[in-house]
Amino acid sequence: MTGITGTRPGRLKVYLGAAPGVGKTYRMLDEGWRRALRGTDVVVGLAECHHRPHTEEMLDGLEVLPRLRCSARDTESHELDTAAVLARRPDVVLVDELAHTNAPGTGHAKRWQDVEDLLAAGIDVVTTVNIQHLESLSDVVEKITGLPQHETVPDEVVRRAHQIELVDMAPEALRRRMAHGNVYAPEKIDAALSHYFRVGNLTALRELALLWLAERVDETLQRYRAEHGIGGVWETRERVVVALTGGPEGETLIRRAARIAARSSGGDLLAVHVARSDGLAGASPAALAGQRRLVESLGGSYHTVVGDHVPDALLAFARAENATQLVVGVSRRGRLRRVADARGVGEAVVELSGDIDVHLVTHERAGRGRTRPVPGHDLSLARRLGGPVAGLLLPLALTLLLRRPPVADALGLNLTSEALLFLVAVVGVACIGGVASALLASLTASLLLNYYFIPPAGRFTIAEANNVLALAVFALVAVTVAAIVDRSLRLSRRAASATAEAETLSSLAGGILRGEQAVPVLLERTRETFGMESAALRPRGREPGRTTAGAAGARDGAETRVPVGEGDELVLRGRVLPATEHRVLTAFAAHLTAAVERARLAEAAAEIEPVRAADRMRTALLAAVSHDLRTPLAGGWAAISSLRSRDVDFSAEDKEELLATAEESMAKLSRLVDNLLDMSRIQAGALTLHLQPTAPAEVLPQALDSLPDTPAGRVVLQDVEHVPCVLADPPLLERVLANLVANATRHSPPGRAVTVAASALADRVELRVVDRGPGIRPADRERAFAPFQRLGDTDNTTGLGLGLALSRGLTEAMGGTLTPEDTPGGGLTMVVSLPAAPAPP
């Protein structure tokens with residue numbers, strides 16, 4: 001919303017109600033009176049009083065602008081005259097019913113768009129809206145009341161309001177107000193009280209209004225706290241944050257936090273997982289996904305934050321969300337870890353929490369230690385066996401090399417240099433076999449240094465205290481460096497694995513976004529990703545595979561099976577998959593489950609759709625034919641019965657009129673039956689065609705003669721004689737043109753002629769039927785060609801709505817097209833394009 005240059009945008013105030021009749025319009029007018037008494041220039045742009053006396057009395061003394069009168073389809077309506085308000089330029093304008101749909105031809109489609117124009121011009125607006133008219137809640141209200149909401153306003157429009165004031169009324173009070181006749185007319189009271197205005201409906205709508213407004217108030221509060229740098233907790237509403245590690249205790253913590261939040265009406269549940277910033281150490285994504293589903297099923301929300309110091313990250317999130325309570329599980333560290341580090345995450349959170357209440361919840365894993373991989377377990381078997389061997393042999397080989405006289409004499413190394421060389425050997429062993437092998441190498445190197453290189457040589461004794469310190473420092477440095485190298489290697493391998501997993505899942509997600517969701521495509525991607533010989537989807541417990549990717553009939557190699565859905569399984573044949581790849585394989589299986597379910601639903605929909613289409617056709621046919629067959633039959637029957645009557649002596653003129661009525665009724669009935677039969681033939685593909693060169697100038701007069709209801713002069717022909725013949729079936733082309741002309745004359749305003757023009761373009765001939773009626777919106781044009789559709793009509797008494805559907809079907813059967821276009825200056829043009837007949841030899 002932008003205002004005029006140099007003009008302050010107007011302010012919007014909204015009176016929000018839970019249901020009609022709570023007094024929104026009365027409060028809006030009362031607001032206008034209060035502002036007017038303070039000297040503000042206030043006008044009433046539009047107020048819907050609904051003949052309520054107390055509300056109408058509030059208009060006395062206020063300036064009321066005339067409404068804009070609009071006529072559409074013989075119906076007159078009164079809308080907000082936006083131009084008059086802009087010309088008057090008051091300080092404040094009162095506009096009722098923000099979600100109202102304007103009459104066609106008044107400018108904007110919705111009243112809230114008119115209000116935005118007023119605000120952009122710097123005029124303050126006071127308006128009203130009911131909770132059922134908010135776009136985000138329209139489907140919820142329909143489930144509650146059973147009534148669809150056709151008039152809605154985007155939530156963002158209301159959220160931008162400078163003030164939102166709730167007009168609240170208890171359901172019992174609103175029903176009493178309605179029973180006293182203060183809401184609806186007496187004849188509507190009983191129906192309203194027994195349907196829309198039931199106590200349950202009103203209570204639910206009232207709760208929706210209160211909750212929606214509470215969320216807006218909470219947004220305002222959070223914005224105020226952010227703008228003023230307020231970091232403390234304001235306990236306006238209970239917000240319970242539960243910290244999740246992805247461990248097995250997560251479900252216990254979530255349910256405990258949910259019970260805490262449920263004790264306070266309107267309390268919020270938020271779950272948060274703190275991920276390491278390097279992405280290397282973390283919980284199982286599958287476990288976190290399950291816990292996320294549990295949180296959302298309990299009405300909470302799941303969040304992930306990044307931070308290396310868990311207590312600080314948890315508390316920063318809790319304070320940002322204005323949390324009042326924090327639920328943390330008791331540490332899973334064992335006794336030795338607690339002795340080494342007395343303060344765990346829970347204790348640190350309690351110490352730093354400040355005014356946030358912290359709940360330390362015990363669980364079955366408390367004190368049992370974390371489940372960690374065994375050091376070196378991620379090494380290959382050769383490295384796990386070769387590490388200890390290298391820890392023994394590498395220091396011995398280095399000792400033999402340094403003790404050889406030529407080498408020792410040539411290098412002239414002292415004790416420090418010899419210790420550094422042994423340190424390099426220990427680091428090399430750590431790179432091969434991990435920290436355990438490095439410890440063995442460190443012990444071996446220390447013994448060899450003591451025996452061969454530290455005086456007195458040849459004995460496990462040390463003569464100088466300085467050498468004792470050197471040996472101790474060597475052992476400490478060797479162990480420390482070996483541990484660091486081992487950890488770096490493990491983290492590097494884990495990082496590489498995580499990167500590979502991320503790239504694989506990213507590729508899978510990208511394929512799904514690109515539409516690669518078919519089961520064979522996903523199977524082929526699975527086979528390629530894991531380097532398998534084949535990937536098959538088969539029912540559990542049975543050998544034949546329904547869908548297979550890879551080498552046909554591949555039987556060699558190991559099999560890996562993963563459940564897919566309720567009754568299928570994914571079978572991968574080839575190499576043995578390590579446990580580290582099963583997590584990614586589970587993600588592929590989940591996407592396969594969704595793809596299989598989509599395929600099944602598509603198959604079921606494809607099987608049901610023809611039945612549904614036929615059922616819709618039969619239903620529409622019976623509903624429409626019930627009137628349209630009865631009308632000509634009744635007219636003809638009445639005319640013939642009157643002629644056969646012996647009680648009345650009709651004159652010759654009366655008899656001629658009755659015979660004409662009977663003939664006209666039979667003609668209408670014949671055309672109706674012909675239309676129905678042709679439509680059924682088209683749909684069954686059994687329409688018989690006799691294509692031949694046909695002159696439009698010969699067919700058009702016959703088509704117009706078949707329309708006895710079309711007055712002379714209502715149809716104007718242009719350039720029909722100057723176009724070549726078309727390749728068509730003459731009777732069918734006559735039916736097409738007759739239907740199009742009849743439809744055009746029915747929708748053209750009185751006094752405006754329908755034009756039928758012809759033109760030749762390359763090897764095609766176009767016949768245009770032009771009217772000056774209201775036209776059809778682009779979004780509704782294809783729907784207008786569906787059988788039994790009568791766009792814009794309030795009833796179905798003027799025909800079955802087969803004209804356009806039949807015309808398009810017959811035109812396409814003759815190899816042509818029928819397309820609608822806008823008529824310049826207003827109206828609709830139907831363009832019939834047919835192939836030109838070949839010139840005679």
Side-chain angles (χ1 to χ4, degrees), residues 280-281 334 336-337 339-340 369-497 576 578-580:
L280 298 179
L336 294 178
R337 289 287 306 278
V339 171
R370 296 180 180 268
T371 304
R372 293 185 176 273
V374 178
H377 185 67
D378 52 353
L379 299 175
S380 64
L381 179 62
R383 294 179 65 177
R384 291 201 301 271
L385 295 178
V389 174
L392 291 173
L393 298 183
L394 192 57
L396 287 174
L398 182 60
T399 301
L400 293 176
L401 179 64
L402 296 178
R403 293 287 294 174
R404 290 177 62 86
V407 177
D409 296 339
L411 296 178
L413 300 177
N414 57 20
L415 179 61
T416 303
S417 300
E418 294 164 346
L420 289 176
L421 290 176
F422 276 97
L423 181 61
V424 172
V426 173
V427 172
V429 172
C431 294
I432 297 173
V435 67
S437 300
L439 289 174
L440 179 60
S442 175
L443 177 61
T444 305
S446 300
L447 294 175
L448 292 174
L449 275 172
N450 186 3
Y451 189 84
Y452 288 105
F453 299 98
I454 296 178
R459 288 187 298 173
F460 288 105
T461 59
I462 301 175
E464 298 181 8
N466 187 37
N467 292 335
V468 175
L469 178 61
L471 185 61
V473 170
F474 166 79
L476 179 62
V477 170
V479 171
T480 303
V481 171
I484 293 174
V485 170
D486 177 70
R487 175 176 173 79
S488 299
L489 291 174
R490 285 190 290 109
L491 292 181
S492 176
R493 286 188 292 268
R494 194 178 303 173
S497 176
V576 178
T580 54

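With sequence neighbours excluded, no residue forms a side chain to side chain contact (heavy atoms under 4.5 Å, CB included) with L400. Every side chain to side chain contact (heavy atoms under 4.5 Å, CB included) that L440 has, sequence neighbours left out, goes to P388, L392, T444.
Residue L393 holds its CG atom at 12.5 Å from CG of L398, rounded to the nearest 0.5 Å.
Nearest approach of F422 to A445, heavy atoms of both residues: CD2-CB, 3.6 Å. The shortest non-hydrogen separation linking T399 to Y452 is CG2-CD1, 3.7 Å. Nearest heavy-atom pair across A390 and I432 is CB-CD1, 4.2 Å. In terms of heavy-atom proximity, A441 sits nearest to P395 at O-CG, 4.0 Å.
A side-chain contact (heavy atoms from CB on, under 4.5 Å) with V429 holds for exactly one of V424, L394, V389; it is L394.
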